Amino acid sequence: MNRSNELSVTPVKRYRVPRYPSHADPDPTRVPYPVPYPWNSQAVVALASLGIAASCSREPSVAAFPPPIVPERAAAVEPADPSGQPTAGSPFLLANTGLPHVSSMFGTGAPNYLDDDLAREAIERVFRESGYHLHRRCQYDRDRITFLADGYDPEHRVGYIYADNVNLDHDATEWRAEPGNTEMVDRCLEDLADVAEYNGEKEAVNEINSIRQLTDPARREAAYRAYLAKDRRNKLSLAEAESLLSRAGKDGEFVAVISHFDDRFAVSYYSDEFQAKQSEVALIADPVKRAAISKVIRQEAVQEVVDRLERTVREYIAWARSQGLQ
Amino acid sequence: MTAADGTLSVAFHLTHNCNLRCVYCYTGAKFGSGMTEAVADCAADFALTEARQQGVGHLETIFFGGEPLMKLNLLCRIADRLQNGARRLRTSFKMSTNGTLLTAGAVEELARRRVYVSISLDGAPETQATQRPQAAGHDTAASLDEAIDRLLRWNPCANAHCVVTPTTAGQLDSSVLWLFARGFAYVSTALDYSASWTRANLNELRGAYERLAGWYFERTMSGDKLYLSCFDDRIHSRTRGPLNRSERCHIGHRQFSIAPSGRLYPCVQFVREDEDLSMALGDVFTGFDSKARAALAACSEQAKPECAGCVLADRCSSWCACVNWQSTGRVDRASPLLCEHERLLLPIADRLANQLWKRRNAVFLHKHYNPAYPALSFAERTSIAEAAHESVE
């Protein structure tokens, strides 16, 4: 029997949901495209002689896939007005941003958010076509709101920030730890390290890990808060995002906060519709043709989201013009 | 899951005796000549009858001890009797051994009966010498070395079982690395739940897990297909979902142990010297004590208030009565060590899986999401081993 008094049963109240798919998600060896079993080359030689490799492979075959289902079209995403006509309000509201972006405790896997560069290209294309000339990466500093805007036209006073893990302040994307809550501080540090690791920020990973290794909880918390404070000037906090969105147009200035975490602009690789298409593709016997068509339907899924983003930006500009944007 | 899909798991404790004196052994004193043939026959018949009464499709038999290879003839007798009496029931055999008596003759007998062998090894010879000394004080390294070669030649998918104690916590990574370097591809690790653990011990263990995670990542990225329970089981708890009640072991019902005397116990941890009858559930001659069985079930299955609101409850095995009993002396109280250990290890395992997922590593994807992976990797490993043997010969 364990006689230690040091250890205790402590229910975990918050836990960052892992990024890898759960049992409730579609099988990632099949969706969005089949991943062949990674046979060891020595085994292939040995098994091929027995004819086993072919029969065991997870490469799609007619029998391996169910017949395609014709799903109801996903109703979660309201299409933006294709004409870009003014609507009752701005399509970029805080409620749509998905901020603060905090992973749910248990979920069915993260949606595939649009590639940042692709999203920025689409947004800038619409602004350009609407007659605005955005300057890239402009320092915005007004009324105690400071951040680096992705694009800003000083003549017309219109611009945008595509808010993601990199340019959002920690309060908009991470858990928050109240002062003195060392357990939460440790979890936040772990979370920060995880995100930095995911983003390939080696220096940040090293810095966070060195903070995590501090044995004194008070010093650890102080170092954690110092880390958060660093670089904050150029990052958009949740409060700043809220202010920016609520004051849009009030003094003739419009800066849209377009969020990377806005579910409207997530690629629906996990939708029934996409899976049905994949199941149809899986029935194609020729592997070259199958790969090519699979690539096309993935590109179509991405393009559908890019189109939706462009429509929404047009709708924003139309709304802003109705509010006084020149 | 229907009953016919289910498994009844019965552990036969062939003897209390053992030729090793492991520092953490929970099976109690080593004595006696073990189970008699008469008891063994009765126990085998009892297991078959119980499986049929429960309506399960699969009877899993585990040979346990003491050291079960000290009673190899009896093991073969039981396996044959079960096989002959199974009729439509599917049977399978497993054995947990210290490996020192795994002679060529023993391997031949076990292979004939398709007994899956798991060998208890704590790592390199020096660790083995301190954690698992021989009763007579002899060095086991030489005999184990031969036994490992023999075992892996027979079954390249054999499992090595490594027990982690407070003393060895900080060197778990080097122990596991030694086992993989020695040729094992399947390594399971388990804590000594009966020991007195401190936070300092757990911090050392955390360091070892972190180092091990880095190594596991590199090996997986290079295409190696390894099983390491401390990470893989935790990743499975997300990719395969929580065990529902019908899938759990249900100690005393879907799983029980038979002592050398024929007495019935809920699980292997409870047999010990077969003297604490408070945990006995009857015997193979007169059957289960239904009151004792029902009381145990009611006690072990009830929700644990100390775990209320825990978001990791579905990924944790706080329902395991054996671990709870070993750790707290009660089947209905969650183990603090288990809780602290899961809180320490789950984030490491999840971070490791996140990194492999981010890179869409094919080994990771198939290992954790392809239900055919165990069969495919088994076929792959055996074919490689066969080819290697043929080229040597």
Side-chain angles (χ1 to χ4, degrees), chain A residues 1-31 35-50 52-53 56-58 104-106 109 183 186-187 190-191 193-195 197-200 209 215, chain B residues 193-199 202 223 225 235 238-241 304 306-314 318 326-329 333-340 343 346-347 350-351 353-358 360 362-366 368-370 372-373 375-376 379-381 383-384 386-388:
Chain A
M1 191 190 309
N2 184 284
R3 291 169 294 278
S4 170
N5 292 324
E6 278 190 45
L7 311 185
S8 62
V9 175
T10 310
V12 176
K13 298 297 180 191
R14 303 192 71 175
Y15 187 77
R16 184 181 175 83
V17 68
R19 290 186 172 85
Y20 62 100
S22 80
H23 60 99
D25 292 315
D27 178 355
T29 63
R30 291 172 179 243
V31 177
V35 179
Y37 183 82
W39 289 103
N40 181 298
S41 55
Q42 295 172 58
V44 170
V45 174
L47 289 170
S49 62
L50 300 172
I52 293 175
C56 293
S57 171
R58 286 288 300 273
S104 58
M105 296 307 165
F106 292 95
E183 188 177 344
D186 288 343
R187 292 215 171 274
E190 185 185 329
D191 198 50
D194 190 22
V195 171
E197 173 82 35
Y198 195 75
N199 290 333
N209 283 338
T215 50
Chain B
Y193 283 99
S194 61
S196 271
W197 286 78
T198 63
R199 283 247 159 70
L202 289 174
K225 300 183 186 78
I235 297 170
R238 175 167 167 79
T239 60
R240 295 186 182 171
K304 294 174 179 56
E306 61 271 37
C307 300
C310 181
V311 296
L312 295 178
D314 280 349
S318 61
Q326 260 196 302
S327 179
T328 68
R333 184 172 292 169
S335 159
L337 174 58
L338 175 82
C339 178
E340 299 249 3
R343 282 188 277 133
L346 267 169
D350 281 345
R351 204 175 309 131
N354 278 343
Q355 289 169 2
L356 291 166
W357 163 245
K358 182 186 173 190
R360 300 298 190 272
V363 173
F364 167 78
L365 292 177
H366 280 272
H368 293 288
Y369 300 96
N370 179 355
Y373 176 83
L376 293 176
E380 186 175 37
R381 190 162 288 279
S383 67
I384 293 170
E386 286 290 327

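Note that the structure is predicted; figures quoted are calculated from it, not measured. Lettering follows sequence order; numbering is per chain, from 1.
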Quiz item: Is the backbone of A:Pro18 close enough, under 3.5 Å, to the side chain of B:Asp350 for a donor and an acceptor to pair up by distance?
Solution: no
Practice problem: Identify the two heavy atoms, one from A:Val9 and one from B:Cys339, that lie closest to each other, and give their separation to 0.1 Å. | Solution: CA-SG, 3.7 Å
Quiz prompt | Top contributor to chain A contacts, counting heavy-atom pairs under 4.5 Å, from B:Ala334, B:Gly223, B:Pro347 | solution = B:Pro347
Practice problem: Please flag which part of B:Ser335 lies under 4.5 Å from any non-hydrogen atom of chain A: side chain, backbone, both or neither. | Solution: backbone
Quiz item: Hey, does B:His368 have a side-chain heavy atom less than 4.5 Å from the side chain of A:Pro28?
Solution: no
Quiz item: CG/B:Leu346 to OH/A:Tyr15 distance, rounded to the nearest 0.5 angstrom?
Solution: 5.0 Å
Self-check item: Residue part contacting chain A, namely of B:Lys304, when any heavy atom lies under 4.5 Å
Solution: neither
Quiz item: Are B:Arg360 and A:Val35 close enough, and set up right, to give a side chain to side chain contact (heavy atoms under 4.5 Å, CB included), and what steps lead you there?
Solution: CA-CA 9 Å; B:Arg360 300 298 190 272; A:Val35 179; over 6 Å; no
Quiz item: Distance-only, no hydrogens or angles: does the B:Lys358 side chain make a donor-acceptor pair with backbone N or O of A:Arg19 under 3.5 Å?
Solution: no
Quiz item: How close do A:Pro21 and B:Thr239 get, heavy atom to heavy atom, and via which atoms?
Solution: O-CG2, 3.8 Å
Practice problem: Give the C-alpha distance, both sets of side-chain angles, the deciding distance and a yes or no for side chain to side chain contact (heavy atoms under 4.5 Å, CB included) between A:Val17 and B:Arg238. | Solution: CA-CA 10 Å; A:Val17 68; B:Arg238 175 167 167 79; 3.9 Å; yes
Quiz item: According to the interplanar angle, ranging from 0 to 90°, do the rings of A:Tyr37 and B:Tyr373 count as parallel (below 30°), tilted (30 to 60°) or perpendicular (above 60°)?
Solution: tilted
Quiz item: What part of B:Ala308 lies closer than 4.5 angstrom to a heavy atom of chain A: side chain, backbone, both or neither?
Solution: backbone
Self-check item: Heavy-atom pair of closest approach, residues A:His23 and B:Arg240
Solution: CB-C, 3.6 Å
Quiz item: If you look at every heavy atom in A:Leu7 and B:Thr198, which pair is closest and at what distance?
Solution: CD2-C, 4.3 Å
Quiz item: So do the side chains of A:Ser8 and B:Glu340 get within less than 4.5 Å of each other, counting heavy atoms only?
Solution: yes
Quiz prompt | Nearest atoms (heavy-atom pairs only) where A:Pro36 meets B:Ala362 | solution = O-CB, 4.4 Å
Quiz item: So do the side chains of A:Tyr20 and B:Leu356 get within less than 4.5 Å of each other, counting heavy atoms only?
Solution: no
Self-check item: Polar side-chain atom of A:Glu6 near backbone of B:Arg199 as donor-acceptor pair, under 3.5 Å
Solution: yes
